[in-house]
Protein chains: 2
Amino acid sequence: MRILLIEDEADIADALARFLRAQGHAVDHAPDLDSARAALDVAVFDTILLDLALPDGSGLSLLRDLRRGGNRVPVIIATARDQISERIAGLDAGADDYVVKPYDLAEIEARLRAHARRASGDPATESHLGGLRIDRAGARLYRGEAEIRLTSREWALFDALLSARGRVLSKQVLEERLYAFDDAIEGNAVEVYVSRLRGKLGAEAIQTRRGLGYLIP
Amino acid sequence: MRILLIEDEADIADALARFLRAQGHAVDHAPDLDSARAALDVAVFDTILLDLALPDGSGLSLLRDLRRGGNRVPVIIATARDQISERIAGLDAGADDYVVKPYDLAEIEARLRAHARRASGDPATESHLGGLRIDRAGARLYRGEAEIRLTSREWALFDALLSARGRVLSKQVLEERLYAFDDAIEGNAVEVYVSRLRGKLGAEAIQTRRGLGYLIP
DNA sequence: AACCGCCATGCGCATTCTGCTGATCGAGGA
DNA sequence: TCCTCGATCAGCAGAATGCGCATGGCGGTT
């Protein structure tokens, strides 16, 4: 997943970004509203993690602008434990969920997955693909009883393709999904991971559309 | 994408239209409200670029009319850098986004992309053509249950014709659309691909206008 | 009616390009 | 330290493309 993390405190942002990247997500970090808007202009995110107290204003205004513009990306706001009124205002403004600070990393991860799943229109925790059983919430994958282990990049790619199941995703889109701005990528990384995934899942799991992209049928 | 550009200053409109066409979009230009309404009556656009200061009134009234009529096409308004109040009025009237003049071409392209992608995240992206079902976002095409596979050139041609549906595109325009400037092309490549497409889609899918070009009716 | 230009379509071939995969190297975590 | 993962390269195979050539149809013009 590609995540926009809007959080002004550098220490917290760093820790959170590192954690999320370790889970295989692509994280862009914006320390204030301005850079957040800039990032939103040029890229599409799967989820936004929004701290409300920012140096140049409240994250609420950003959220309202997003929703007014018809943007339905899942937004999770972060509030202090005692700011119940802010929390309600956030939900009113169109947030999907909230977490209380200090962040509980595992909780954030769980909520991210839940929202991504909802956004992709697949409420079920388990789905199937050929002989595979997919537990997207738990990020696990089985063939029969045996678990197939994916590395985080492999999972990220698989997840991206799954959330657009039946549609062709171009290499460029996949790249943008897997990598944030800063860690620019070159070469045929996507191809390589497709190849590795096929090695683990079976060649038929991912189809190639020459010149167009890849899809999971 | 098919874009309606509403802008009265001829120089600016020309430059913008040229730029957008070079990006592979179909651009219709309207210099005033009257012709804009006329264009909107006869065609469906994917995006509208709207300058607010027009000779025969403010673009805001057009925008309001559109929204009142239930039209949800993405509208990007252009405002001068200091007209913050206008900007807000525009967003209130139902605009999706704004850009400040003078235009920054790269920024416009980025916003167009963002809106296009957002729209393509919408599952209701299917359209129909005769007995064909077209998933433009997913780059797939069906006749009934069976998928019709197009190669990337075929798809590019089809997509170009679709985005100007109902209008005739000359061979030259199509050539420019299919091929980057660098690899100039000669011969009857467009004719050949039209022929191949007809083979896959059915002969009636693409009409010939002798001496003028092709269109999808 | 005859002509001429434009277009359609088929076949075949050479070339280009895309995608696949095994291998290697370095970095960072366990 | 060792080991896993990620990034990148290079070579190969096969698909897609471009294009020549040829035939035949259609339309408008003279």
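Quick note on labels: first sequence line is chain A, next is B, and so on, each numbered from 1. The structure displayed is predicted, hence computed values, not measured ones.
- Residue A:Val192 is in base contact, counting any heavy-atom pair closer than 4.0 Å across all strands shown.
- In this structure, A:Gly211 reaches the sugar-phosphate backbone alone: every heavy-atom distance under 4.0 Å involves primed, P, OP1 or OP2 atoms, never a base.
- When the P atom of C:dG10 is taken as reference, atom NZ of B:Lys200 falls 13 Å away, rounded to whole Å.
- For B:Arg196 and D:dT17, the CZ to C1' distance is 7 Å, given to the nearest whole Å.
- Remark: the A:Arg210 side chain and the C:dT18 base include a donor-acceptor N/O pair separated by less than 3.5 Å.
- As rounded to whole Å, 10 Å separates atom P of D:dT17 from atom CG of B:Leu150.
- Atom CG of B:Asp11 is surrounded by 12 or fewer heavy atoms from other residues, nucleotides or ligands within 6.0 Å.
- Listed pair A:Lys171 / C:dT18 fails the phosphate criterion, with no side-chain N or O lying under 4.0 Å from OP1 or OP2.
- Counting to the nearest Å, the P atom of C:dG19 and the CD atom of A:Glu191 are 6 Å from each other.
- Dashed line: the shortest gap from a side-chain N or O of A:Thr208 to OP1 or OP2 of C:dT18 is not under 4.0 Å.
- For the side chain to side chain contact (heavy atoms under 4.5 Å, CB included) with B:Ile48, the qualifying choice from B:Leu40, B:Asp28, B:Leu5 is B:Leu40, the only one to do so.
- Rounded to an integer number of Å, the gap from CG of A:Asn188 to P of D:dC12 is 16 Å.
- An OP1 or OP2 oxygen of D:dA15 is reached within less than 4.0 angstrom by no side-chain nitrogen or oxygen of B:Ser152.
- Applying the 4.0 Å criterion to OP1 and OP2 of C:dT21, one finds that A:Ser195 has a side-chain N or O inside that range.
- For the pair A:Leu16/A:Glu7, no side-chain contact is recorded, criterion being any heavy-atom separation below 4.5 Å from C-beta on.
- The distance from atom CZ of A:Arg209 to atom C1' of D:dG14 is 17 Å, rounded to the nearest whole Å.
- Rounded to an integer number of Å, the gap from CD1 of A:Ile206 to C1' of C:dC20 is 13 Å.
- Contact between the side-chain N/O atoms of A:Tyr214 and the OP1/OP2 oxygens of C:dC20 is found at a separation under 4.0 Å.
- Using a 4.0 Å heavy-atom criterion, one finds that B:Arg198 contacts the sugar-phosphate atoms exclusively.
- Between D:dA7 and A:Tyr193, a contact under 4.0 Å exists linking OP1 or OP2 to a side-chain N or O.
- Across B:Leu157, B:Val194, B:Val168, a single residue satisfies side chain to side chain contact (heavy atoms under 4.5 Å, CB included) together with B:Tyr214, and that is B:Val194.
- As a whole-Å value, the separation of A:Arg149 CZ from D:dT4 P is 11 Å.
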(request) Show your reasoning for whether salt bridge (charged side-chain N to carboxylate O under 4.0 Å, His left out) applies to A:Glu154 and A:Lys200. (result) CA-CA 10 Å; A:Glu154 287 164 358; A:Lys200 293 187 178 182; 2.9 Å; yes
